[in-house]
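Below is one structure, written out as structure tokens, with a few remarks after it.
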Amino acid sequence: MRRQSPALRPQPLPGAEMAARLGRRLGTAHAALGLPSRRLAHPGARAQLQPEYDAVVIGAGHNGLVAAAYLQKSGVRTAVLERRHVLGGAAVTEEIIPGFKFSRASYLLSLLRPQIYKDLELQRHGLRLHPRNPYSFTPVLEARSPPRSLLLGHNVAETQRQIAQFSPRDAEVGERRGGDLWPLLQAGLVLGKQLPQSYQVLTAPISKVLDQWFESEPLKATLATDAVIGAMASPHTPGSGYVLLHHVMGELQGQRGAWAYVAGGMGALSHAIACAAAAHGAHIFTEKPVARVLVGANGAACGVALGDGTELRSRLVLSNASPQHTFLQLTPQEQLLPAFVRQVGQLDTRSPVTKINVAVARLPSFLAAPTPHDGRPQPHHQCSIHLNCEDVALLHRAFEDAGQGQPSTRPVIELCIPSVLDPSLAPPGCHVVSLFTQYTPYTLAGGRPWGEQEREAYADRVFDCVEAYAPGFKASVVGRDVLTPPDLERVFGLPGGNIFHGGMSLDQLYFARPVPSYAGYRSPIPGLYLCGSGAHPGGGVMGAAGRNAASVALQDFKQK
């Protein structure tokens with residue numbers, strides 16, 4: 001294990017008896033599951049760094065690995081250089097707390113393009129998925145007993161029955177409107193076929209769109225979370241509907257809009273892509289930070305220099321790093337026009353996200369859906385569990401707090417428990433819990449940075465919120481890993497902590513991503529390409545930017 005910072009320090013178990021019991025479980029689990037006591041070797045680990053390649057990829061995030069796989073498959077000798085000790089960028093699995101393996105940053109899969117699955121034969125390289133159905137659970141804090149909850153899944157009849165608890169009218173919408181709205185409940189899949197509705201979803205506040213169709217606040221708030229997830233935006237912000245559309249355009253195993261956990265955590269996806277690249281001959285290296293892009297006398301990229309001074313020559317350089325890091329830190333500034341540098345520096349990278357990874361000794365038991373005495377997981381435990389989502393106004397108030405430099409008093413929480421479907425992630429009887437929370441500003445009021453005290457105080461606030469819905473949650477906690485926006489930036493290279501490498505607002509999408517005139521993956525430096533989430537089509541574990549950038553670079557390579 002690497003030395004833990006204060007933010008990663010496991011909390012003490014609540015009580016000596018639980019501590020002893022967990023110790024026994026951990027010992028058994030390490031033997032039974034073969035959990036690593038040291039760093040895992042990665043594909044290409046035996047490769048020797050060469051002084052020259054056809055292409056060098058900066059960063060082994062999933063997009064960089066996809067780009068490398070396609071280039072190497074096409075006969076372009078490619079090396080991938082990753083600064084961290086683990087592959088995957090934000091799509092990683094890390095054993096932060098002994099015996100518990102976390103998808104430490106990204107934690108769900110849906111958007112990866114089906115063509116990439118096929119082309120790179122990811123299933124053959126070990127990728128396994130655990131699809132979720134039902135997929136969304138929203139418990140409600142209310143005075144009535146027992147409190148209600150909203151469970152949404154792929155079964156339309158059951159989803160209607162769930163919605164009818166809050167609004168019989170909303171439950172009948174699909175029938176009255178010829179079925180054109182049920183795809184919104186099941187991921188908004190048909191909006192692209194109806195231009196006027198598509199335009200409204202792209203440009204209007206999602207609250208306005210939802211108000212036109214539904215009256216039930218828990219339903220509207222549940223749908224609105226996907227419109228603001230990862231965005232420093234309110235449901236009342238114009239254009240917030242696009243983020244919803246972005247998150248629902250994926251498919252898994254032929255089912256559109258489905259989401260799944262990756263068996264072994266998100267790092268297993270990155271490992272499968274790396275295996276595909278290495279199988280074709282790509283060289284992949286960890287702990288090789290790139291210090292700068294080399295530019296030749298002709299003004300074209302001609303390789304990279306590592307942090308230790310080693311220089312690698314190449315005809316192509318693809319950067320999986322953010323636009324800001326690529327062009328403001330790695331690229332010689334004298335090679336770029338001041339106007340371009342200014343545009344990149346002005347990109348909106350505000351992030352509302354604090355990710356908290358939690359190890360627990362038992363499943364949370366929700367007041368609205370208690371866990372059986374034997375502790376068996378229930379269908380809602382596999383869902384994205386939305387807390388503080390009783391109504392859209394709660395989401396907006398949480399956003400307003402951050403606008404004043406304060407972490408939300410009632411944070412919006414998406415809670416996932418991947419170990420329910422993938423027991424290999426935790427010792428027997430224990431679980432890993434992902435808390436994707438917002439809103440937290442990058443800098444606190446008065447310009448104060450996040451310190452350990454502020455970080456832990458916010459995590460305590462989040463735990464208090466979970467406790468209100470699931471009493472006993474705090475007593476079950478074994479340890480936690482708290483990642484505020486500055487932590488996400490430091491650990492994963494996400495500018496401002498933004499999970500998309502930059503806001504997914506209309507002024508930073510399509511032909512304007514990352515900046516106007518450079519949305520086609522090429523940069524002002526010939527031979528230097530952007531292949532990460534800061535390029536079109538944006539963030540999420542999609543792989544499209546890596547595949548598209550490799551295609552453009554390959555075209556140029558053939559013409560040289």
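All values below were derived from every heavy atom in this structure, side-chain atoms included, with hydrogens, water molecules and symmetry-related copies excluded. Being a predicted model, the structure only gives us computed values, none of them experimental.
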Checklist entry - Are side-chain heavy atoms of E94 and D481 found at a separation under 4.5 Å? => result no
Checklist entry - Between S419 (side chain) and V432 (backbone), is there a donor-acceptor pair under 3.5 Å? => result yes
Checklist entry - Do we get R315 above F557's six-membered ring, with its NZ or CZ under 6.0 Å from the centre and within 45° of the axis? => result yes
Checklist entry - Is it the case that T331 and R292 place a side-chain donor and acceptor less than 3.5 Å from each other? => result no
Item to check | Min side-chain heavy-atom separation I58-L330 under 4.5 Å | outcome: yes
Item to check | Sidechain-backbone polar pair: Y135 side chain, A260 backbone, donor-acceptor under 3.5 Å | outcome: no
Checklist entry - So, Y458 and T437: side-chain donor and acceptor under 3.5 Å apart, yes or no? => result yes
Checklist entry - Can you find a heavy atom in the side chain of H431 that is under 4.5 Å from one in the side chain of L425? => result no
Checklist entry - Are the side chain of R513 and the backbone N or O of Q508 linked by a donor-acceptor pair below 3.5 Å? => result yes
Checklist entry - Do side-chain atoms of Q335 reach the backbone of A301 as a donor and acceptor pair under 3.5 angstrom? => result no
Item to check | Beyond-backbone contact of Q123 with Y117, side-chain heavy atoms, under 4.5 angstrom | outcome: no
Item to check | Atom pair OG (S533) and NE2 (H501), whose distance is rounded to the nearest 0.5 Å | outcome: 5.0 Å
Checklist outcome for this item: dist H62:NE2 -> M266:CE (nearest 0.5 Å) comes out at 8.0 Å
Checklist entry - Salt bridge or not for R547 and D119, using N-O below 4.0 Å? => result yes
Next on the checklist: Quick check: do L483 and F492 have side-chain heavy atoms less than 4.5 Å from each other?
Outcome noted: yes
Item to check | Ring-face cation contact, Y529 with R522, 6.0 Å cut, 45° max | outcome: no
Next on the checklist: Using modelled atom types and a 3.5 Å cut-off, is there a donor and acceptor pairing between side-chain atoms of Q382 and backbone atoms of N133?
Outcome noted: yes
Next on the checklist: Heavy-atom count check: over 12 atoms from other residues, nucleotides or ligands less than 6.0 Å from Q115 CD?
Outcome noted: yes
Next on the checklist: Over 60° means perpendicular and under 30° means parallel, so tell me whether H283 and F285 are parallel, tilted or perpendicular.
Outcome noted: perpendicular
Checklist entry - Do you know which two heavy atoms are closest between G230 and F500, and how far apart they sit? => result O-CE1, 3.9 Å
Item to check | Short N-O contact, E95 and R104, less than 4.0 angstrom | outcome: no
Item to check | L108 vs C416 side-chain heavy atoms within contact, under 4.5 Å | outcome: yes
Next on the checklist: If we ignore hydrogens and angles and just use 3.5 Å, is the side chain of T93 paired with the main-chain N or O of G264 as donor and acceptor?
Outcome noted: yes
Next on the checklist: In terms of relative ring orientation, are Y518 and F340 parallel, tilted or perpendicular, with 30° and 60° separating the classes?
Outcome noted: perpendicular
Item to check | Heavy-atom donor-acceptor pair, T78 side chain to V76 backbone, under 3.5 Å | outcome: yes
Next on the checklist: side-chain contact (heavy atoms from CB on, under 4.5 Å), that's the test. Do Y107 and V541 meet it? Break it down for me.
Outcome noted: CA-CA 9 Å; Y107 54 99; V541 183; over 6 Å; no
Checklist outcome for this item: When V358, I413, T354, T440 are each screened for side-chain contact (heavy atoms from CB on, under 4.5 Å) with V462, the one that passes is I413
Checklist entry - So, S240 side chain and I206 main chain: donor-acceptor pair closer than 3.5 Å or not? => result yes
